[in-house]
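All remarks here apply to the structure that follows.
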Amino acid sequence: MPANQELASTLSDMARMMELLGEDSFRAAAHSRAARAIEGLAGDIETIAADRGALLAIEGIGAKMADKIIEFCTTGVIKEHADLRARVPEGLLSVLEVPGLGPKTVRAMWQQLGITSRDGLARAIEDGSLLTLPRMGEKAVAKIRDALTFAAAAGQRTWLGKARPVADVFIDRLRSLAGVERVEAAGSLRRGRETIGDVDILVGMAADAPPAATLAVGEVFRTTPGVTHVLAAGDSKSSVMFSIDASQGRWQPTPNPEKGESLPPPPPGGPAIQVDLRVLPASVYGAALMYFTGSKEHNVRLRERAIARGMTLNEWGLFPDTHKDLGPPQSRGVTPIAAATEEDVFRALDLPWIPPEVREDRGELDHPRPWALVDLADIKAELHAHTTASDGVFTIEQLAAEARRRGFHTIAVTDHSQSSTIAGGLRPDRLRRHIDAVREANERTEGITILAGSEVDILADGRLDYDDDLLASLDVVVASAHAALTQDPATATRRLLAAVTHPLVHILGHPTGRLVIRRPGLSPDMSEIFAAAREHNVAMEINAHWMRLDLRDIHVRAAVEAGCLIAIDCDVHEGADFDNLRFGVQTARRGWVTADRCINTWPARRLHAWLRAKGRGGQ
DNA sequence: GCCGTTTTCGGCCCGACTGTTTTCAGTCG
């Protein structure tokens, strides 16, 4: 595990153990906050920690936390973490992950009943001893039993590309119901995070809609085909489990039984994701949408800002006082300053509308206004696509026709190189013939430019998979690492630097080779890679496939700050891959990419000139 | 444990919902 991630997870574990031990909750929260801050860093924590001042400059990290981080970076452990682990049973943290169980309840289970694992909890349910806990009745126990059954699925996050279609099923179904004015997905899905915990659907009802219409929305929601279980069914709030397709496309794991490998068992009831519904008046939709879009940390910042201006912000609107001792303002008849639209609420807080993707408490409230992030409609070129020559399903012409249909002015044919044998990589002679075929197709085709390229392997030692003469005959060179993805960071850094500094490389394809949830990939020193990419005028790819999303959001942000160009590519193998573009664009937006910074938005003339300049003494 | 256009000490976001209770504790987002 990369050091940043390991430190973040250590601090996060410490926070949860402190909660279980009943220690000061603000102290625990401070550790959680520090963990998040570390997770959001693009730079290597071990480098940063060499300068104590740099650590202290990170928001949420003070003197004591800095010492713990330095201790981690120099010794590999934090003594306090070990002390906490000695006091908290191993399996207790997994009990805390069961939905609906919080630190207070789990602590009571542990202290009063000796429960230290999910198995122990299940036994206490069956023998009835759980009922002896204070405030624990039949219904509460039934809920926990249910949650335990679904914990395997519910505790797991899933891929953005798996969750989005689920949201669309519900949105399409609810949109046309009587009284429904607005339907949208909120939460991490709207923010475009690479993994999704549950899907949040928000429905805004017209002012004249009768109460029955609201109830009908809930009913239709809960009876949607694909719903396997109803978790909650209130008037304005419902939760269900919805079955999802577990396939992982061309990355489907293929275990080798001879080596004793097997797939993990599916969770009981099959793979599923939780979907939550909230129904509210359209007159407060904006405030509610902000609230349910989050992130939680972003919301906290906004509320603090509201308080500093003598106002209160909640999901019902922005209110002109802070008398919280008198009860919620909306139930005291106080008229909100703003509530109907997000724009209204932001404006009343002296802010421009903030795109959902950047609402992560990473400085977005201090951004010089207004926001002008790259948009889906800005993308006019696809620079990474495969044909039947290697492992794609389209011929050159079919690929070009599909790209033209989607409004692109340029499509680059970049089949695999010889070392990617499993993917049907092209030997040099085949590539030469393929280049000729692409050029001929380009001559015959109207309305789009077809470029001859290659996705050339970066070999383990940093050499490219074709010689320079062959590479120089291509219009586009995407250099990608496909093998040896478990190299140590220093070796990986040298390897990728060799590719980025190669004079004929245009784009560094899926730079780390990570797969979301599945595989960590390389962990080179990204700041070195970005500095070299800027100097050598190489674009860093955001691979739009939801399994990859590589570069990831925080690296995109660092690349932008380093002055790099960004490419957003679908890595097309089949038609559906074009549809992943929205995930790539969302990831770019999460990294604060403007349209001008993204080469896929450039007009044909500018893009083609940039490509030609490489390797011919230009730039 | 962090942090400061109210504060270097004393705060730290806010409301809905649920299930348990006769006024509230815990969890969630």
Side-chain angles (χ1 to χ4, degrees), chain A residues 11 14-15 18-19 22-37 55-69 80 96-109 131 133-144 146-147 154 186-191 196-200 202 231-239 274 276-280 284 287-319 322-325 327-332 359 361:
Chain A
L11 291 173
M14 289 173 70
M18 287 174 193
E19 287 178 331
E23 295 185 358
D24 178 17
S25 63
F26 292 108
R27 198 166 154 261
H31 283 75
S32 290
R33 185 137 180 259
R36 260 198 98 253
L55 273 184
L56 291 170
I58 300 170
E59 210 168 331
I61 293 176
K64 289 188 181 172
M65 200 66 74
D67 288 342
K68 290 179 197 184
I69 294 169
E80 193 185 349
L96 190 56
E97 281 164 15
V98 175
L101 295 186
K104 302 274 176 59
T105 311
V106 174
R107 176 174 161 80
M109 289 173 174
L131 278 167
L133 285 182
R135 307 187 65 88
M136 188 64 71
E138 298 282 356
K139 277 191 174 177
V141 171
K143 239 180 136 173
I144 294 171
D146 238 26
S188 51
L189 197 57
R190 184 164 181 244
R191 303 202 309 280
I196 305 297
D198 51 29
V199 173
D200 297 302
L202 205 59
L231 300 169
D235 289 355
S236 63
K237 184 183 162 186
S238 291
S239 293
Q274 183 171 333
D276 296 335
L277 169 77
R278 327 256 167 175
V279 191
L280 10 83
V284 301
L289 186 57
M290 285 174 70
Y291 174 77
F292 288 112
T293 297
S295 64
K296 189 174 185 290
E297 293 77 12
H298 168 88
N299 286 348
V300 169
R301 288 290 180 212
L302 284 184
R303 292 198 195 105
E304 286 171 354
R305 189 181 179 94
I307 290 171
R309 286 165 168 71
M311 300 183 275
T312 302
L313 177 64
N314 63 34
E315 63 264 53
W316 297 97
L318 180 66
F319 295 89
T322 56
H323 304 301
K324 66 175 169 188
D325 47 320
Q330 70 277 8
S331 50
R332 285 185 277 128
R359 299 182 195 171
D361 186 25

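Values below: every heavy atom of this structure, side chains too, minus hydrogens, waters and symmetry copies. Owing to the predicted nature of the structure, the values given are computational and were not obtained by experimental measurement. So you know, we letter chains A, B, ... as the sequences are listed, proteins then strands, and number each from 1.
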Reckon A:Ser295 touches a base, only the sugar-phosphate, or nothing at all at heavy-atom distances under 4.0 Å? nothing
Find which nucleotide of DNA chain B each of A:Asn299 and A:Ile61 is nearest to by heavy atoms, and output the residue with the more 5' nucleotide. A:Ile61
Tell me what A:Ala232 touches on the nucleic acid: a base, only sugar-phosphate, or nothing, going by heavy atoms under 4.0 Å. nothing
Taking protein heavy atoms under 4.0 Å as touching, what does nucleotides 20-29 of chain B look like 5' to 3' if B marks base contact, S marks sugar-phosphate-only contact and - marks none? B---BSSSSB
Atom pair distance, as rounded to whole Å: CG in A:Asp24 and P in B:dC12: 13 Å
Base of B:dC12 and ring of A:Phe26 stacked, centres under 5.5 Å, planes under 30°: yes
Whole-Å distance separating the NZ atom of A:Lys64 from the C1' atom of B:dT8: 14 Å
With the side chain of A:Thr312 defined as its heavy atoms from C-beta on, choose the nearest nucleotide among B:dC17, B:dG1, B:dG15. B:dG15
Length of the line joining A:Arg305:CZ and B:dT5:C1', which is rounded to integer Å: 13 Å
Donor-acceptor pair, distance only, cut-off 3.5 Å: does the side chain of A:Arg191 make one with the backbone of A:Thr293? yes
In whole angstrom, give me the gap between the P atoms of B:dT21 and B:dT27. 16 Å
Atom CD of A:Glu59: over 12 foreign heavy atoms under 6.0 Å: no
Can you check the A:Ile307 CD1 to B:dC12 P distance for me, whole Å? 8 Å
